[in-house]
Amino acid sequence: MKGIFTALITPFHGDGKINEKGLRQVVRHNIDKMGVHGLYVGGSTGENFLLSKETKKEIFSIVKEEVGTQVKLIAQIGSLNIEEAIELGKYATDLGYDALSSVTPYYYKFSFNEIKNYYLQLIEATGNKMIIYSIPVLTGVNFSLGEFDQILNLPNVIGVKFTDSDFVKLERLKRLYPEKTFLFGFDEIMLAGCVFNADGAIGSTYNVMGDKAVAIYNLVQEEKIKEAMEIQSNMNQVIEVMIQHGVYQSIKEILKLKGIDGGHMKFPFSELSGEGKEEVKKIMELI
Ligand code: HMN
């Protein structure tokens, strides 16, 4: 479980149903053109938290069918409803997903022990490997080093999707747990994450710039930081526009301009504005 993982977008039809043809095209594009090492399915990027359990299962199943064993697959199954999370985890495990990942339970201010017990139940019920999804900026859950220590010692926990810019924490964790996998979650600073010993990265923008992320990852292995920085800086020209107009919306528009059906957004997300479309067109030469 090393390298670049695309946090897969989900193409929807205008009525909110899955656009299966588009989803298969996006998967193919990621594997055949971007050359990423794996896919992270059902993350924030997939608009997962807006979807019904049945729709989430449909996505897991279509993606697995399209991928087979070509690249590694991680299923994000986190849900505030533990029964749903377990059902999704068993489903993805039966389909053959290489690992599960679950966001830390959010919205309520859960105690650390409550969060730990949540993971324990998920792990015991599914029996699959688990990658903890830590994203303090969205969940408000920010584990201390001591808390990470307890979480990483739970059975089957193989690593963390580390979406945080606390590089000291990342470096300390990797030194304490060299055998665990730390996948960095902020695309605009993924080079720094890799320099600070992350084992790779998971991100939304890799749907359209995965080839660049793979290049950065490889250059870091070769200790060619200046060349890697050049690519990161070019990526950030694009990410800046994406953030201004909506990251997921912009990714879908870029895919569309490349002839891939990125589909619509799921309500209540709005579609890309007219101005956004114009701005995205202008940065296409960088992609
Ligand atoms: C996921 O769960 O889908 C992603 O892995 C999340 C990922 O860390 C992205 N973060 C969010 O969407 C909040 C980043 O790829 C992010 O979109 C990117 O760094 C641009 O800011």
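Just so you know, ligand 1 is whichever comes first in the structure, and atom 1 is the first atom listed for that ligand. We're numbering straight along the sequence, starting at 1.
Between Glu278 and Lys282 no salt bridge is recorded (no basic side-chain N to carboxylate O distance below 4.0 Å). Ionic pairing of Lys252 and Glu47 is present here: one or more N-O contacts between side-chain nitrogen and carboxylate oxygen are shorter than 4.0 angstrom.
Looking at Thr163 against ligand 1, only its side chain comes within 4.0 Å, counting heavy atoms.
Among Phe167, Phe196, Phe5, Tyr217, the single residue meeting the ring-ring contact (aromatic ring centres under 6.0 Å, His included) criterion with Phe184 is Phe167.
For ligand 1, the atoms closer than 4.0 angstrom to any heavy atom of Gly203 are 15 (O). The atoms of ligand 1 that sit less than 4.0 Å from any heavy atom of Phe186 are 19 (O). Near Leu138, the atoms of ligand 1 lying under 4.0 angstrom from a non-hydrogen atom of the residue are 13 (C). Ligand 1 places these atoms under 4.0 Å from at least one heavy atom of Ala7: 1 (C), 3 (O), 4 (C), 5 (O). Those atoms of ligand 1 that come under 4.0 Å of a heavy atom in Thr45, given as number and element, are 1 (C), 3 (O), 4 (C).
At the shortest separation from atom 11 (C) of ligand 1 among protein heavy atoms lies Tyr248 OH, 3.7 Å. Nearest to atom 1 (C) of ligand 1 among the protein's heavy atoms is Ser44 N, 3.3 Å. Distance from atom 16 (C) of ligand 1 to its nearest protein heavy atom, with residue and atom name: Ser204 OG, 3.6 Å. Of all protein heavy atoms, the one closest to atom 7 (C) of ligand 1 is Gly185 O, 3.6 Å.
Of the possible polar contacts, none joining the Asn19 side chain to the His13 backbone as a donor-acceptor pair under 3.5 Å is found. Of the possible polar contacts, none joining the Asn207 side chain to the Leu8 backbone as a donor-acceptor pair under 3.5 Å is found. Lys64 contributes a side-chain N or O that, together with a main-chain N or O of Gly68, makes up a donor-acceptor pair within less than 3.5 Å.
Counting heavy atoms only, Tyr133 comes closest to atom 2 (O) of ligand 1 of the residues Tyr133, Tyr206, Tyr40. When the options Glu240, Met242, Glu188, Met190 are ranked by their closest heavy atom to atom 18 (C) of ligand 1, first place goes to Glu188.
Every heavy atom of Phe5 sits 4.0 Å or more from the atoms of ligand 1. Contact annotation: Lys161 has at least one heavy atom less than 4.0 Å from an atom of ligand 1.
The distance between the ring centers of Phe60 and Tyr97 falls below 6.0 angstrom. Two rings, from Phe162 and Phe143, have their centers 6.0 Å or more apart.
Relative to the six-membered ring of Tyr40, Lys161 meets both conditions, a distance below 6.0 Å and an angle of at most 45° to the axis.
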